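This report refers to the structure that appears directly beneath it.
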Amino acid sequence: MNPSLSRRRFLRGTGALIALPAFESFGFSRFASAASTKAGVPPKRMVFLGFGFGVTKESWFPDLSQTGAGYKLTQGLAPLARHKKDFTIVQGCNNQYTNDAHWGSTYWLTGANRYAIPGQSMANSISVDQVAARHLGKDTRFASIQLDSADRNASGHGPGLSLAWDQRGKPVAASNDPVKMFHKLFSAETLPLAQRQAAIAERRSVLDAVLTDAKSLKNGLSKGDNDKLDEYLQGIRDIETRLAKDEDWLEIPKATAPMQEPKPGLKGKDEIKVMYDLIVAALQTDSTRVMTYRMPGQSLLQSLGVNLSAHNVSHYQPGERKDASEARDKAHSELLAGLIDQLKATKEADGSSLFDHTALAFGSNISSIHYLDNCPTLLTGGGANLKLGEHVVASKDTPLCDVWLTMLHGMGIEAERHGDSAGVIKQLQA
Amino acid sequence: MTVSAMRTMSILRIITLMAGLGLVTQAEPGKKPAAVFPRKNFEVIDKYCIDCHDASLKKGKVNLEDLSFDIHTVEQAEMWQKVYNAVGSGEMPPEDEDQLQNKEKADFLDDLANTMVVARKSLSDTGGQIAMRRLNRREYGNTIRDLLGVTLDINQLPADGGGGTFDTVGGSQFVSSDQIEQYLELGRAAIDEAFQRRAMSGKKPAIVRMEPEKSIRPGIEKTASNIEAAQKRFSKWKAEVDKAVAKPVNQKRLPVLLKQNPKMENPIHFYSFVELFEGVPPAKNYGFKDAFEATLQHPDWDRSELAIRKHYMTLPHRDKGLYLKLAHGMGRLDITPKKFVPGTYRMRVRVGAVEGAPASRRFIEIGHPYSKPIAPGRMALEGAPISQHQITGTIAKPQIVESVFELKATDPKIVSVRERQPLEAKALWTAHNRLKAKNGYGHPPAIWIDWVELEGPLAAPAGSAKTFDWWVSEQKIKEPIARARKILEQFSLEAMRGTAPSKDYIDRLVGIFQTRRKAGENFDIAIRTPMSIVLASPGFLYLHEPGSEKKRRMLDDRELAVRLSYFLWSAPPDAQLLALAKQGKLNSPAVLKQQVDRMIADPRADAFVSGFVHQWLHMERLDFFQFDPNRHREFDESMRTASRQEVYESFTHLLRGKGPQAHLGYMLKSDYVMINGLLANYYGIEGVVGDEFRKVKLPPNSPRGGLLGMAAIHAMGSDGIDSSPVERGAWVLRYVLNDPPPPAPPNVPQLSRLNDKPLSSREKVIAHQTEAQCASCHRKIDPIGFGLENFDAAGKWRTEERRYSRNRKGNMTPSKGSFPIDASGQLYKGPAFANYFELRDIIVGRHNDFIRGYCEALIEYGLGRPTSIVDADLVNEMMAAAKTQNNATGAFIHALVQSEPFRRK
């Protein structure tokens, strides 16, 4: 009997309750290089940048009475002035179920209800980037790439390993090391093909071994415990999917790096800068089309010469803490303006820019201090066909997921809904 | 139908409901509601809401007419949450409609908030079912340690629990593909290290000794003489400059330049600008890059801190040792092992305190140097120190401090020693400048070090990590495949806590071994791959117990041993437990009792204390804030660690205690404290010297003794700057009185708008209570917090609160005067108290509430599932059983272990 087929059959059986995409290795079409599916039309990309603890309310949000294109940029957004026509600020959206004021990223892209599953103290659901990855990730070496910062616990992101949550609402891991990420994206494989093939085969035999153990465990477990074990099996299945993808790309050399290898040990502002470089490089080489980045908070402040904790700063009051909060907002805007510069400067094969084909959202579930009712949201890039250069004030309590749904539709992904979305936001559509 | 007719209808419906006829549309027959919103609130809904939100109008898609007051489902709970948010934020009723009276609104919100607490809890009820759980990361680390004798950095794994439950609750754990890959990698690292340690065993540990007067002092003195030379060069240059500036042409230019560069007014910074004058000799000729750099060496400025360097060079005993500096200069000694191998190391420091140094400075910290490029100070340590030590020796009679610790493969390979100090150096710099203005150099020395020694890796103590004992016997088998099979069988059996995996599984592991052999690896390397796979297999990772929902069965003895050992040790069962299980004796109540006693007495039970108490009392808050070193200099990382330890030690003392002295109530008030020298110094208790914790009798009328007198608890109820009566009050309600207030709602205003006025903490909080939506919870929370106001943010006793106001830069700085502390108050619908001591007695009087909370926490932690309504009997049973034992802290554990739920699948 072919062990791998039986393994897959076994996995299928256990995952019966959850609708899952077919194995991507079947009917997978290969490309000589990581180019687009249709010659001449650059692919669409999606990027999410989450900053955890919120912004300084008084100096970041534009005046609610000035909507449309004629609004005045605030102090916190001022460094973005040269791109004013190319981004949109959305106010009034929130995730209705989120009520933990220190969790800026956990539900930011999912809109889930923490208490949705009886008997579980914390539930989540798929994040919008992963929805996009299921559509945009088929033709690239990496279905999606998650970036994170090393100071993850102190920056108001909440539980999770990155901004991304998979279709079962489990956290997706990220890389927080720019150097490693660079090598993952661009370093040529040193081992000969046969050895790499052998390594994948061995990896499969490792999975077979643990699955054998899982099988003998399954016998006799109660239904509830079986469901629990299914999480493990699903994890194995995910590794399988990854291996299958690795196999498909085994003979295709990696893209040439359009940037230098990052210096090790970068922190704060420098880390964000280099991660932005990596985002541009990964998108430009079409190594992936979906990226998320859970950004540093604590070390960003440190690199600005602020030695208060990010949490302390989030509870700002006039004085030192508020100054620090505003300095952080400003630094973020400067960095983001730089990223937009780069996206605009990077040309696609047809002469358009990477910016034209990328949809980027910058924000957090936390508005300001411990307010959760107006999630700071900045949208930019031409990828989702949004109306840019606007200040949009959505009607009160509009689900933030409406923004995500609008983006998905703009990307050509006809999702019926996402999270608790009620529908698309017409004002946002170009 | 008219509005009034509908209203009549709804009232009719309400009456029917109240009569208990059960005509609720959404009610699920036969199923007990998760929570019941008290019926008296019908009136409010009817009066203010139903006109718009009835079944036919359902304005905003909100239909309150059909919304059951008995909450059965998540959807109903969500709708009630919406009601709470809307009324709480003042959004509803709309401005032009009738508004709720303040009291009415507060009571309504109070009821609803409490209902939501109950609903949330029971909606996450599992009906007593225990979901299979995997090893959480603490348990994983301990299991690897027991199995292989290796200490891993478990922080590489994602945190468990997250969001209000214990990390032992299976229903809230997850596992992902990334985590499985991590288990494979960590398992391999552990196996590799085990082999490495085995190879080292029997070898003599290497010793590195540093004599700082030899290795460090020459460099220090060289730096000092370089600075001195530079200052001399500056003075020479300055003399020439002064001459040139005095020339009429330059004097004429001076007023113009002063206008352009106001900084020139400063007699020191003046020299940064002198190149603007004519005929001034270039600073380059004197060995400086430019005038700015030259000015740094102005002796009056002394930016390179020559004064303190020179002062320290005049101190005696410099030929034998080194004085540690604070703020500037050499303040931290770093030492590196000759050859780094992960393992147990011993650091020894021969050290003495300087005569006249204040008691609070007579401490040293051992730790790793700060490794990130941006350090909060040049002498910073990475995270909390490994250990801290009080120095009782003197320079004439130094003492030898000893610290034994594990260096993990992932740890920095440098170990450091320094004087105890805050993480953030800025406050020390400020103090330095203040002192320098007085004494001419800055901080006087407090610590003198003769030498530092690092020894290791030490041989593992006998009896630990016996895993590889059997390895030796397997070496007799000559045929490699047969030997590998035997080893893998044996290893799996141990790793999987006594359950033998299937033959098929072993076959596959052997196959992988063969593949590695074919790839050219020798036996000792090839065997590691299949061994590390065992450590990522579900049989190792999950505490699995076969069973079915329909028929709950009792655990067999082996399963009981596993549940017990992970409960009390967070580690796998030892040989004795497994032997008793094998003999089928463990389930006997007498044997169980004896084993629980043995396990509690074992040092491994420390893992229970730190794991359980930390989560039970929500002590993660202790790490939430950095303490402002200007206001709370002594609450540094050493103190944070010690204050946490005080809570653990106090609990351990009761847990391992016997007789009436072990009453859990002593956690609330006791006439003793469990402290060491550092805490004694902090609390101002005389006569306690040394690093070990011990029981110290308190003078009468001491505020210490019991949780409410512990620094950690008060630090948790602060933001690192000010005390927070709200956090403290809520903590007491939640964890002491077992009467949890609803979680702080999002979107309520912070008190920052009041912050420009100098107000006492109490005044700030009272401002809260002016709004009805705040008052509903705060009238319960705040009085308790006020009663604790005698403790500052870092838990020091105070009778007045310092007044702070904004300076020109907008920073809060101390201003004249202070607020006297008023710690009087009255519990909501409860007794009044005049001060902290009376409040403490009121709380002690409610120790049964505390005990109930403790039982619920034990159940959740021990069974690995949320406590629920079905546990009411179990809690009562535990309380009754423990009562016969004088409420001894350990008696509750015995009662839980003996109970059916603990012994049942």
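All chains are named by letter (A, B, ...) in the order of the sequence lines, taking the proteins before the strands, and each is independently numbered beginning at 1. Remember, it's a predicted structure, so these values are computed and weren't measured experimentally.
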Legend entry - Distance (rounded to the nearest 0.5 Å) between A:Ile239 CD1 and B:Glu181 CD: 4.0 Å
Inset, instruction - Evaluate the side-chain proximity of B:Met496 to A:Asp213: yes if any heavy-atom separation is below 4.5 Å, no if none is. - result: yes
Legend entry - Top of A:Ala201, A:Ser222, A:Gly235 for chain B proximity - count of heavy-atom pairs under 4.5 angstrom: A:Ser222
Inset, instruction - Identify which of B:Ala519, B:Pro546, B:Ser176, B:Ser492 forms the greatest number of heavy-atom pairs closer than 4.5 Å to chain A. - result: B:Pro546
Inset, instruction - Look up atom NE2 in A:His311 and atom CZ in B:Phe625, then write down how far apart they are to the nearest 0.5 Å. - result: 4.0 Å
Legend entry - Shortest non-hydrogen contact between B:Gln173 and A:Lys228, atoms and distance: O-NZ, 3.0 Å
Inset, instruction - Go through the atoms of A:Ile366 and report whether side chain, backbone, both or neither lie under 4.5 Å from a heavy atom of chain B. - result: neither
Legend entry - Minimal non-hydrogen separation, A:Ala209 against B:Ile512, with atom names: CB-CD1, 4.1 Å
Legend entry - Contact origin within B:Gln81 toward chain A - heavy atom pairs under 4.5 Å: neither
Legend entry - Ring geometry between B:Tyr542 and A:Tyr232 (parallel below 30°, tilted from 30 to 60°, perpendicular above 60°): perpendicular
Inset, instruction - Side chain from CB out, backbone as N, CA, C, O: work out which of these in A:Asn113 comes under 4.5 Å of a heavy atom of chain B, or both, or neither. - result: side chain
Inset, instruction - With a 4.5 angstrom heavy-atom cut-off, could you sort out which part of B:Ile721 is near chain A: side chain, backbone, both or neither? - result: side chain
Inset, instruction - Under 4.5 Å, counting heavy-atom pairs only, tell me which of A:Ser368, A:Gly220, A:Gly169, A:Ser216 racks up the most with chain B. - result: A:Gly220
